[in-house]
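Index from 1, following the sequence.
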Amino acid sequence: MPHKQGKTGPAAARAALLANLGLGLLALPATAQEARPRLLGILLTEGSGAPVEGAHVRLVDPDELVLAEDISDPRGAFGLPMPPAGVYRLLVARIGYESWASDTLHVDWSGESRTLRLHIPVEPIPLPELSVSEENVCPTTPEERAQAFALYESVLPILATVSHTDDLGSLRMRIVRPVKYYFAQGTYRFRPDTVAVITSRSLYNPSPEHLVARGYADVVDTMTTFYAPDGDALASPGFLATHCLRPVESADEATIGLGFEPKPGREVVDIAGVLWIDTVAGGPRELEFQYTSLRPFLRQHLEPALRSRVQSVRPSSRLRFFSIEIDESRFGGDLYFQRIRRDRWLIREWRIRRPELRHRGNFSAGSAGQIRPFAVPLAFSGEVLALIPP
């Protein structure tokens, strides 16, 4: 791991991150910024008139291209560079609430700044039932939770779109997967097999709701699959409902980590790790994770097949199976993110190390054979080689 983990992240990192999320992406020299007219606005809650803080405001053209973006301050205020004369819309997103889009906004370039007062409906997104609890079960302080939530809120707009590149074209990818090669007497060995594919997404996952309910490992028609957390999963309300967040220090001052781990009581295969955020570029750099609660899953879904194989080889032997040996730190993966346009990111590369169950046997005359199952990692990976325009 290229970073060292600590207890909390520097307070200045959040300010740097927010600065680069919005106008920092379109930064001009100070004199030019002062001279250029601005599109200013204040977000107010419909009905009460309370300011809407921490909302991600984007200015888009008729083709939904993001031209500028900002985060509303405690007064609900935001500021964007004034675009050329034309027709635009404002999109407003805030974590835990329904997104909102303005009516058509007509801009007549006059060389002067313009201020809007926007009254927006604030409708909370219903969270899964399991998140409804007055008791906080996360092993973090209120300050740590506030810092972590601020980090999460800052990268949420990127996470929500990073898995969707269909509109940009197709992806040419290199996929590496282990393939089983058989030898004499039924023995086998895994070897890496590389294929090139054209696809619309760099990483395929089931829905976030599926991952919340069934976890990051599943068995479908006897085929075992382990999943990695893509952008949709990380940005979903269900992820917040089932994970504890914490800030994590980095040895690199331009990087801060958002740590996550399953809340106590999760009984499915889940994930724990760190999302490393580049505070200069204003977006995710990489995510490293490991699987949790693997042993119950392996015992239920993989051990029966192992027992059957061993017993078929020694049908007349008395066998004693021991508990599965597993070091969960060896199983998990990494995701690497890349900005491909001013307002768009994708998952450039991913790696998954999933468990394969094997066994050691000890057979002595006159006693039951001792079978010790143990888990070893199998490596899968994918890398984007090129973006093919539509």
Side-chain angles (χ1 to χ4, degrees), residues 173-195 197 203-207 210-230 233 262 266-273 288-334 350-382:
M173 295 194 65
R174 177 171 55 231
I175 305 295
V176 181
R177 57 192 178 183
V179 173
K180 189 181 293 185
Y181 287 83
Y182 284 92
F183 300 95
Q185 299 177 345
T187 60
Y188 63 87
R189 179 175 298 175
F190 284 99
R191 294 178 180 173
D193 178 65
T194 303
V195 296
V197 299
L203 181 63
Y204 282 90
N205 258 4
S207 69
H210 181 102
L211 295 174
V212 168
R214 304 194 62 168
Y216 284 78
D218 202 1
V219 177
V220 179
D221 294 333
T222 72
M223 179 177 293
T224 304
T225 304
F226 284 76
Y227 304 109
D230 65 354
R266 288 282 284 167
E267 297 180 353
V268 296
V269 174
D270 215 310
I271 53 170
E288 43 193 48
F289 70 94
Q290 68 181 54
Y291 294 114
T292 64
S293 302
L294 283 173
R295 181 176 280 109
F297 180 88
L298 299 181
R299 185 185 302 122
Q300 178 180 356
H301 297 288
L302 299 189
E303 186 176 324
L306 175 66
R307 286 174 176 262
S308 178
R309 289 198 304 270
V310 174
Q311 289 169 344
S312 67
V313 174
R314 294 180 174 271
S316 59
S317 300
R318 292 186 299 119
L319 302 176
R320 177 188 176 191
F321 284 82
F322 287 76
S323 178
I324 297 172
E325 301 173 12
I326 182 170
D327 176 3
E328 288 192 343
S329 66
R330 300 180 65 194
F331 306 96
D334 307 272
W350 54 264
R351 302 171 186 168
I352 296 176
R353 299 176 300 277
R354 54 149 290 180
E356 162 79 2
L357 205 56
R358 299 181 185 175
H359 73 280
R360 303 180 186 92
N362 183 12
F363 301 92
S364 301
S367 62
Q370 298 182 350
I371 306 299
R372 299 181 182 274
F374 63 97
V376 297
L378 290 181
F380 297 73
S381 65

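Relative ring orientation between Phe289 and Tyr291 is described as perpendicular, the plane-to-plane angle rising above 60° on a 0-90° scale split at 30° and 60°.
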- [ ] Begin from the C-alpha positions of Asp230 and Trp350 and carry the test side-chain contact (heavy atoms from CB on, under 4.5 Å) through to its verdict.
- [x] CA-CA 10 Å; Asp230 65 354; Trp350 54 264; over 6 Å; no

- [ ] Please lay out, stage by stage, how Arg214 and Val268 fare under the test side-chain contact (heavy atoms from CB on, under 4.5 Å).
- [x] CA-CA 6 Å; Arg214 304 194 62 168; Val268 296; 5.7 Å; no

- [ ] Kindly indicate, with the supporting measurements, whether the criterion side-chain contact (heavy atoms from CB on, under 4.5 Å) is fulfilled by Phe321 and Gln311.
- [x] CA-CA 11 Å; Phe321 284 82; Gln311 289 169 344; 4.1 Å; yes

Open item on the list: Let's go through Arg353 and Asp334 carefully: what are the C-alpha distance in whole Å and the side-chain angles of both, what is the deciding distance for side-chain contact (heavy atoms from CB on, under 4.5 Å) to 0.1 Å, and is it a yes or a no?
Closed with: CA-CA 9 Å; Arg353 299 176 300 277; Asp334 307 272; 3.2 Å; yes

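In this structure, Arg307 and Ile371 have side chains that are not in contact, with every pair of non-hydrogen atoms separated by 4.5 Å or more. Two residues are said to be in side-chain contact when any heavy atoms from C-beta on lie closer than 4.5 Å; Tyr227 and Ile271 fail this criterion. Within the 4.5 Å cutoff, the side chain of Phe380 has heavy atoms near those of the Arg177 side chain.
Among all heavy-atom pairs drawn from Ala228 and Leu203, the shortest one is CB-CD2, 4.0 Å. Closest non-hydrogen pair, Ala233 versus Tyr216, comes out as CB-OH, 3.8 Å. Across Gly382 and Ile175, no two heavy atoms sit closer than the pair CA-CD1, 3.9 Å. Contact detail for Pro355 and Ala375: the closest heavy-atom pair is CB-CB, 4.2 Å.
Within the 3.5 Å criterion, the main-chain N or O of Gln370 finds no donor-acceptor partner in the side chain of Arg360. Checked by atom type and distance alone, the side chain of Glu328 pairs as donor or acceptor with a backbone atom of Leu294 at under 3.5 Å. A distance-only check finds no donor-acceptor pair linking the side chain of Gln290 to the backbone of Gly273 [under 3.5 Å]. In this structure, the side chain of Arg330 does not engage the main chain of Pro377 through any donor-acceptor pair within 3.5 Å. When atom types are taken as modelled, the side chain of Arg354 and the backbone of Thr224 share a donor-acceptor pair closer than 3.5 angstrom. Side chain of Asp270 to backbone of Ser293: no donor-acceptor contact under 3.5 angstrom is found.
With Leu357 as the fixed residue, the side-chain contact (heavy atoms from CB on, under 4.5 Å) test singles out one of Ile326, Ile324, Val376: Ile324.
The distance from atom CD1 of Ile352 to atom CZ of Phe226, rounded to the nearest 0.5 Å, is 10.0 Å. Note that CG of Leu302 and CZ of Arg358 are 12.5 Å apart. Values are rounded to the nearest 0.5 Å. Rounding to the nearest 0.5 angstrom, the gap separating the OG1 atom in Thr292 from the CZ atom in Arg266 is 8.5 Å. The structure places CD of Glu325 at 9.0 Å from CZ of Arg295, a figure rounded to the nearest 0.5 Å.
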